[in-house]
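Report on one structure; see the data block that follows.
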Amino acid sequence: MMFSPPAFFGSVLAVVLLCVGAARAQSQEASPYPPDAPEHEALTAASPFLGEESFSLRQDYWKGRLTTSSGTAMKLQFFKGNTYRLFFGVAPSALPKKGTLHIHIFNTANEEVARAAGEAGATAVALHFENTLRTGLYLVLMRVELPPGTLAEAEIPAVMFYGWE
């Protein structure tokens, strides 16, 4: 039997293309974040805006843990005239029953300029902020409110994405 390079390489190429096609199909079916991930929850809340040409979602985002007793805060720069959308999500399995997500924005004078609260038990909340005030740093506070009678403090994996128009 004689070795035929073109036939051999043609067979190898066919196998490689078959494997690449199967890998692509599998990766398109699989979500980048599992359903219990806070990213999944926040991006689900953001999904109505992701197809809009005028909306830009930042590629980087805050990811961490917060406690039900203290929440967490971060400073962001917002520009006057832009409309911002913030999406705060937590891991569904970590949210205490009937916990409520809150997101607040404060200016440099510690005045609350925007806020949003989710429904009890909802694992994501979106905040719409039209910055008619001024360009500058703003404090964004994310927290989880527990229902009355809940005594145990919980640490919850959370994320916050945001974008602007």
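- In this structure, the side chains of Leu86 and Phe161 stay at 4.5 Å or more apart for every pair of heavy atoms.
- In this pair, Phe55 and Phe87 present their aromatic rings perpendicular. The plane angle is above 60°, beyond the 30 to 60° band.
- Using a 4.5 Å heavy-atom threshold, the side chains of Arg58 and Leu76 count as separate.
- Interatomic distance, His104 NE2 to Glu112 CD, rounded to the nearest 0.5 Å: 5.5 Å.
- Looking at Phe88 and Leu66, their side chains come closer than 4.5 Å, going by heavy atoms from C-beta outward.
- In this structure, the separation between CD on Glu111 and OH on Tyr138 is 10.5 Å, given to the nearest 0.5 Å.
- In terms of heavy atoms, Ala42 sits closest to Gly89 at CB-N, 3.9 Å.
- The two residues Pro38 and Val159 have their closest heavy-atom pair at O-CG2, 3.4 Å.
- Using a 4.5 Å heavy-atom cutoff, the side chains of Leu95 and Leu101 are in contact.
- How far CG of Asn131 is from CD of Gln77: 10.0 Å, rounded to the nearest 0.5 Å.
- Following chains of ILVMFWY side-chain contacts shorter than 4.5 Å, one can reach Phe79 starting from Met74, so the two form part of one hydrophobic cluster.
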Could you go through the side-chain contact (heavy atoms from CB on, under 4.5 Å) check for Met160 and Thr72 one step at a time?
CA-CA 11 Å; Met160 198 272 298; Thr72 195; over 6 Å; no
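- With a 4.5 Å cut-off on side-chain heavy atoms, Pro96 and Ile156 count as touching.
- Leu133 and Leu127 end up in the same hydrophobic cluster when Ile, Leu, Val, Met, Phe, Trp and Tyr side chains are linked at under 4.5 Å.
- Residues Leu57 and Tyr33 are members of one and the same hydrophobic cluster, defined by side-chain heavy-atom contacts under 4.5 angstrom among Ile, Leu, Val, Met, Phe, Trp and Tyr.
- By the 4.5 Å heavy-atom criterion applied to side chains, Glu41 and Pro92 are counted as neighbours.
- When all heavy atoms are compared, the tightest approach of Asn82 to Tyr84 is ND2-OH, 3.1 Å.
- By the 4.5 Å heavy-atom criterion applied to side chains, Phe78 and Val140 are counted as neighbours.
- The OG1 atom of Thr135 sits 8.0 Å away from atom NZ of Lys80, with the distance rounded to the nearest 0.5 Å.
- Minimum heavy-atom separation, Ala126 to Ala116: O-CB, 3.4 Å.
- With a 6.0 Å radius and a threshold of 12 heavy atoms from other residues, nucleotides or ligands, Gln59 has its CD atom at or below the threshold.
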For Thr83 and His128, run side-chain contact (heavy atoms from CB on, under 4.5 Å): C-alpha distance rounded to whole Å, both residues' side-chain angles, the deciding distance at 0.1 Å, then the answer.
CA-CA 7 Å; Thr83 297; His128 176 98; 3.4 Å; yes
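- Distance check: Glu165 CD to Ser56 OG gives 9.0 Å after rounding to the nearest 0.5 Å.
- Put simply, CD on Glu155 and OG1 on Thr68 are 9.5 Å apart, with the number rounded to the nearest 0.5 Å.
- Using a 4.5 Å cut-off between side-chain heavy atoms of Ile, Leu, Val, Met, Phe, Trp and Tyr, with links allowed through other members, Val125 and Leu141 fall into different hydrophobic clusters.
- Note: Trp164 and Tyr162 have tilted aromatic rings, judged against thresholds of 30 and 60 degrees for the angle between ring planes.
- The minimum heavy-atom distance linking Ala120 with Thr100 is given by the pair CA-OG1, 3.7 Å.
- In Arg115, the CZ atom is not crowded: 12 or fewer heavy atoms of neighbouring residues, nucleotides or ligands sit closer than 6.0 Å.
- A chain of hydrophobic side-chain contacts below 4.5 Å, direct or via other Ile, Leu, Val, Met, Phe, Trp or Tyr residues, connects Leu43 to Tyr61.
- Across all their heavy atoms, Thr67 and Ser70 have their closest contact at OG1-OG, 2.7 Å.
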